[in-house]
2 protein chains.
Amino acid sequence: MLSNACQYAIRSILYLSIYSDKDNKIGVKKIAEELETPQPFLAKLLQQLTRSDLVSSTKGPNGGFFLSTANKQNAIWDIVTNIDGSEKFDQCFLGLARCEDKNPCPVHHITAPFKKKILADFKDKTIAVFTEELKNSRKIISLKEFDALQQN
Amino acid sequence: MLSNACQYAIRSILYLSIYSDKDNKIGVKKIAEELETPQPFLAKLLQQLTRSDLVSSTKGPNGGFFLSTANKQNAIWDIVTNIDGSEKFDQCFLGLARCEDKNPCPVHHITAPFKKKILADFKDKTIAVFTEELKNSRKIISLKEFDALQQN
DNA sequence: AAGAAAACAGATAAAAACATCTTTTTTGTA
DNA sequence: TACAAAAAAGATGTTTTTATCTGTTTTCTT
Ligand code: FES
Ligand code: FES
């Protein structure tokens, strides 16, 4: 459903949301290692996210990526649209040209409620709120250390 | 989530399940037109499905594709595994190496119930039963004539 | 000022998915 | 038996996604 690129992007931003701030920047190398993603690919991705103001960065020694307070006011949905475009969730699960309640495909009654739920999750909360909820639950963004979120 | 190929395959088989039998074969051309899919691509796909005994066919004039009674005893899941492999629904929505209740990603609580439902739908019913249910509801498999299933 | 660390930019490459084209084989029908 | 219709098979082409590589620019530290 989501491209690899988009999955990497979401997890990176959640990672940065948890572990970084403007006094605590993190390099691609570290992020790629923690999330177990291909490093050069992630670098490109972070560049794009930076250009789109979804992530912040500084060059030079002790530079790296971080999420500014402003960045944290975005929603997951902003990441998705930036990487995969906004039509990803409009598509019919079985490939009909249009997905609509009026002319439902055979699995529409299952997929439609799912899409609605996950879209609400992605659109309605800021990264800040989203992350805050993660911290209070037992969710993980990497298998490498799957208590990453419980360390705080 | 499902590849184009797999979506075409499912819709083709449902189409054949409704409109064909061994005395009423349908050619690729007709199927591709009705489902609005690329014709040569669908031809290849139907060949593969035939080799895998998910679809039946005969060559020559008045030949074409159809579903035998045996073919209709398969499940949608058999199509999915044949085209996309069996791991499609095991994967984590955010790209974690493993999707499991024990170490859930931030959207696992939404995606897991969805997967469970759709897998049940795909695994537990035969094509025959699946199609019978479609006929009794208002579901469509093509926008071309979106009352296709109501014509019976 | 020199050097190093880091992001940035642009080019390139590899793989997978998607799609088409050409030829062959089978089989019903005139 | 000749012909035509249709699937089958195999080769080829295109696009998208994923990934890497090489060099440049910025900026901190010494
Ligand atoms: S119409 Fe197929 S998923 Fe909505
Ligand atoms: S762990 Fe991510 S979807 Fe299950």
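What you see is a predicted model, and the numbers here were worked out from it, not measured in a lab. Reminder, nothing fancy here: chain letters follow the sequence lines and each chain counts from 1.
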To the nearest Å, give me how far apart [atom1] ([X]) and [atom2] ([N]) are.
X	N	atom1	atom2	result
B:Lys22	D:dA7	NZ	P	19 Å
B:Lys29	D:dA6	NZ	P	9 Å
A:Asp84	D:dT16	CG	P	14 Å
A:Asp23	D:dC28	CG	P	13 Å
B:Phe65	C:dT26	CZ	C1'	13 Å
B:Ile26	D:dA5	CD1	P	19 Å
A:Gln39	C:dA6	CD	P	11 Å

Does any non-hydrogen side-chain atom of [Y] lie less than 4.5 Å from one of [X]?
X	Y	result
B:Ile79	B:Asn74	no
B:Leu94	B:Val107	yes
B:Leu46	B:Ser57	no
B:Gln7	B:Thr37	no
A:Ile110	A:Phe93	no

For this session: Look at the side-chain N and O atoms of A:Arg51 and state whether any lies under 4.0 Å from the OP1 or OP2 oxygen of C:dA9.
Result: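 Looking at the OP1 and OP2 atoms of C:dA9, one of them is under 4.0 Å from a side-chain N or O of A:Arg51.
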
Problem set entry | Sequence neighbours excluded - ring pair (Phe, Tyr, Trp, His ring centres under 6.0 Å) pairs with any residue from residues 21-44 of chain B |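 Ring pair (Phe, Tyr, Trp, His ring centres under 6.0 Å) check on residues 21-44 of chain B returns B:Tyr8-B:Phe41.
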
Exercise. Do any pairs count as a ring pair (Phe, Tyr, Trp, His ring centres under 6.0 Å) and have a residue in residues 103-126 of chain A, sequence neighbours left out, and if so which ones?
Worked result: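 Residue pairs passing ring pair (Phe, Tyr, Trp, His ring centres under 6.0 Å), neighbours aside: A:Phe114-B:Phe114.
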
For this session: Cation-pi check, A:Lys22 to A:Phe66: give yes when NZ or CZ is under 6.0 Å from the six-membered ring centre and within 45° of the ring axis, no otherwise.
Result: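 Judged by the rule (NZ or CZ under 6.0 Å from the ring centre, within 45° of its axis), A:Lys22 is not positioned above A:Phe66.
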
Problem set entry | Contact summary for B:Lys25 and B:Asn62, nearest pair of heavy atoms | CD-O, 3.9 Å

For this session: Mind listing the closest non-hydrogen atom pair of B:Leu45 and B:Ala5 along with its distance?
Result: CD2-O, 3.1 Å

Exercise. What side chain to side chain donor-acceptor pair (under 3.5 Å) pairs are there with at least one residue in residues 111-124 of chain B, not counting sequence neighbours?
Worked result: B:Asp121-B:Lys125

Exercise. Is there a residue in residues 42-50 of chain A whose heavy atoms reach under 4.0 Å of DNA chain C, and which residues are they?
Worked result: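 By residue number: A:Lys44, A:Gln47, A:Thr50.
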
Restricting to nitrogen or oxygen on both sides, can you table the protein-nucleotides 16-18 of chain C pairs closer than 3.5 Å?
{"from": "C:dC18", "atom 1": "OP1", "to": "B:Asn4", "atom 2": "N", "distance (Å)": "3.4"}

Nucleotide N/O to protein N/O under 3.5 Å, stretch nucleotides 27-30 of chain C:
{"from": "C:dT29", "atom 1": "OP1", "to": "B:Asn62", "atom 2": "ND2", "distance (Å)": "3.3"}

